[in-house]
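Data first, discussion second: the structure below is written as structure tokens.
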There are 2 protein chains.
Amino acid sequence: MSTAGPRPRRATIRDVALEAGVSRGTVSRVLNGEPYVSAQAREAIEKAVARVGYVPNSAARNLATRRSQAIGFIVHEPHELFLEDPNIGAILLGANRVLSGSDHQMVSLVIDSERDSRRVARYLSGGFVDGAVVVSARQDDTLLTTISRLGIPATLVGRPPATSRVPWVGIDNKGAARAITEHLISTGRRRVGMIAAALDRDSGSDRLAGFREALGPAFDRRLVVENQLYEYTAGRTGMIELLEREPEVDGVFAASDAIAAGVLDALRAAGRRVPEDVGVVGFDDSSWALRCQPLLTTVHQPARLLGEAAAASVLAQLRGTATDDPAGGLLETHVVVRESA
Amino acid sequence: MSTAGPRPRRATIRDVALEAGVSRGTVSRVLNGEPYVSAQAREAIEKAVARVGYVPNSAARNLATRRSQAIGFIVHEPHELFLEDPNIGAILLGANRVLSGSDHQMVSLVIDSERDSRRVARYLSGGFVDGAVVVSARQDDTLLTTISRLGIPATLVGRPPATSRVPWVGIDNKGAARAITEHLISTGRRRVGMIAAALDRDSGSDRLAGFREALGPAFDRRLVVENQLYEYTAGRTGMIELLEREPEVDGVFAASDAIAAGVLDALRAAGRRVPEDVGVVGFDDSSWALRCQPLLTTVHQPARLLGEAAAASVLAQLRGTATDDPAGGLLETHVVVRESA
DNA sequence: GGGGTGTCTGTGACCGTTCACAGAGAGACC
DNA sequence: GGTCTCTCTGTGAACGGTCACAGACACCCC
């Protein structure tokens with residue numbers, strides 16, 4: 001039985017005041033870095049804080065200020081993908097970095113079912129978070145309407161539906177997809193296909209649009225295999241399907257690196273050499289790209305920066321210093337040429 | 001400027017009491033499921049809660065009860081690995097499941113530097129968490145002494161140093177390593193090596209010990225390549241090193257699936273066929289195992305269950321219902337035979 | 001000297017819960 | 001009918017901060 005005895009009572013702001021010979025109010029002012037405190041009082045309080053080992057009680061502060069000092073990090077993906085997709089992880093780390101730097105706690109909320117969706121909505125309306133970063137919202141997401149109804153400061157990662165006025169950060173998926181496809185074509189490929197995914201989201205549909213634009217009249221709908229998710233197995237089965245539809249295919253644009261990894265394995269199993277027989281390009285430049293054999297040519301997406309930008313945007317909204325430009329955060333991408341095309 | 005106007009005041013316990021025609025105390029009792037409330041009052045209150053849309057204010061509750069309703073999930077690994085290692089992710093999901101089921105918020109704390117270590121220690125002593133799940137603590141971790149000094153209920157994932165009295169859950173790494181090595185030998189391998197890792201942790205050193213035990217007198221220290229971390233690149237470079245030391249090697253035990261994936265790629269690059277020329281086995285049965293070509297023979301480790309068991313153990317300590325058996329949670333593993341050996 | 005302005009400090013009320021205590025009523029038992 | 005127990009309810013005082021307000025003091029200017 002290690003029921004940890006009666007924990008020692010922690011020092012409060014009153015103890016500090018007593019120790020420093022001032023009032024609670026003055027201590028509070030020092031703690032919050034407010035002006036109008038004499039240097040003498042400030043010094044005495046700082047010493048007292050150290051002496052009594054004072055640590056602020058966040059519950060009390062949150063109660064008094066009616067804030068939670070927490071920001072929700074909402075991911076609308078299956079739990080499994082949350083782990084498998086290094087992109088989401090990188091966005092999370094970036095956001096966490098900015099938030100912990102400004103004394104906010106990040107709370108991750110994964111939506112994987114209708115039930116989760118309600119749970120998160122309740123969480124948001126319960127005032128447990130002061131704001132939210134939303135990753136990979138669907139085009140028709142009810143979450144977005146919930147958020148704007150509650151008036152919770154939020155920033156999306158990825159472009160929201162045109163009707164929405166929620167701020168967002170993102171990349172130019174269409175332009176980047178066009179660029180990488182053009183690179184693929186420039187290596188002399190004639191029959192180019194695509195393993196697409198997540199067409200219900202801006203990233204998925206924009207990447208397909210960019211692919212289509214790059215090919216122009218040569219575009220052939222038959223050579224596009226569609227999938228639900230950006231995942232390895234989708235790449236594997238998708239490539240098998242594509243080879244069946246068009247055995248002559250000599251170039252493939254995979255909508256993500258994870259998909260590309262699956263494509264490479266399927267091609268190897270089918271006895272095709274990469275890049276000699278078939279050129280393959282991906283999207284993300286995540287850790288998958290360097291795990292592949294051959295190393296993957298792909299689009300570099302600054303996932304960590306996206307997370308940082310999104311978090312910074314939420315904080316700016318909280319402080320009321322947000323600019324009015326919702327797309328202020330369109331970050332740069334570039335093609336990274338390695339071995340696979 | 002979307003500074004979100006004055007948010008509507010949320011309903012409090014007083015509003016519910018007024019609406020139901022009872023006192024605050026009675027409402028509080030119903031909310032906390034206490035006995036000694038008449039069926040009539042209970043019903044009236046439940047209806048009132050729904051009518052006014054009441055959601056409890058956790059800050060106020062935490063202040064009054066002097067609890068935080070939060071459990072720390074402490075990972076002592078580099079940020080990068082936190083993402084790359086599907087095992088940690090699975091443990092996290094398991095823990096999160098149990099915790100959110102009992103109304104606790106999970107707070108992830110990643111320790112990646114000395115500075116982080118201090119930050120986490122401050123966080124723990126600040127009363128921000130009621131308990132902690134600690135993953136992959138090092139044998140000499142100062143965190144463990146901090147925790148036992150503060151008397152915070154905690155449970156480790158993985159066996160702690162013998163001197164520690166902290167409860168833990170884990171698997172029999174040594175026995176499992178011996179079993180998978182024996183399987184490898186049973187496929188007729190003569191020169192068997194190991195790519196080891198994380199020898200400063202129980203999991204790493206126990207897996208090496210099990211390997212050694214299985215080989216008996218045939219054990220050859222030269223055929224063990226040591227690494228810092230359980231990661232893909234360690235497998236790749238480690239295998240290259242092993243082939244240099246012993247070109248005749250025909251069996252490899254990789255200390256994790258991620259390492260095994262690196263081993264497979266290095267072998268492919270060296271022109272060796274798996275399993276014909278070399279048999280390869282891993283450890284974890286994580287998502288890596290199914291991504292490999294050929295599919296990996298490995299030890300199934302119930303990572304998700306470990307997370308659940310650890311979280312449950314912390315909750316039991318909080319409720320004071322913990323059993324006194326610190327190793328009550330030794331979970332089962334088994335060998336999964338696929339294609340690589 | 002009177003009035004204004006700017007700096008600094010203390011006090012009481014409040015944030016929304018829980019908890020201990022007191023007390024009301026009902027029934028059981030002698 | 002008195003006492004005892006059991007069930008149920010209301011009340012006031014915390015919990016540990018923040019915030020608005022009032023007031024003290026110093027200084028400057030007319």
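Reminder, nothing fancy here: chain letters follow the sequence lines and each chain counts from 1.
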A:Asn62 (side chain) donor-acceptor with A:Ala59 (main chain) under 3.5 angstrom: no
Test item: B:Thr65 side-chain N/O and B:Arg61 main-chain N/O as donor-acceptor pair under 3.5 Å: yes
Between D:dC15 (P) and A:Asp15 (CG): distance, integer Å: 11 Å
Under 4.0 Å protein heavy-atom contacts per nucleotide of nucleotides 11-19 of chain C, with B for base, S for backbone only and - for none: BBB-BBBB-
Crowding at CD, A:Glu34 (>12 non-hydrogen neighbours, <6.0 Å): yes
Flag if over 12 foreign heavy atoms under 6.0 Å of CZ, A:Arg304: yes
Salt bridge B:Glu46-B:Arg42, side-chain N to carboxylate O under 4.0 Å: no
Check: B:Asp130 side chain, B:Gln69 main-chain N or O, donor-acceptor pair, under 3.5 Å: yes
For atom CZ of B:Arg42 and atom C1' of D:dT7, their distance in whole Å: 13 Å
Test item: B:Asn96 side-chain N/O and B:Leu92 main-chain N/O as donor-acceptor pair under 3.5 Å: no
Nearest-Å distance for atom pair CG/P, residues A:Asn62 and D:dC19: 12 Å
Presence of A:Tyr36 side-chain N/O under 4.0 Å of C:dC8 phosphate oxygens OP1/OP2: no
Terminal axes of the helix from C:dG1-D:dC30 to C:dC30-D:dG1 (five pairs each): angle between them, nearest 10 degrees: 50°
Any A:Ser28 side-chain heavy atom under 4.5 Å of A:Asn32 side chain: yes
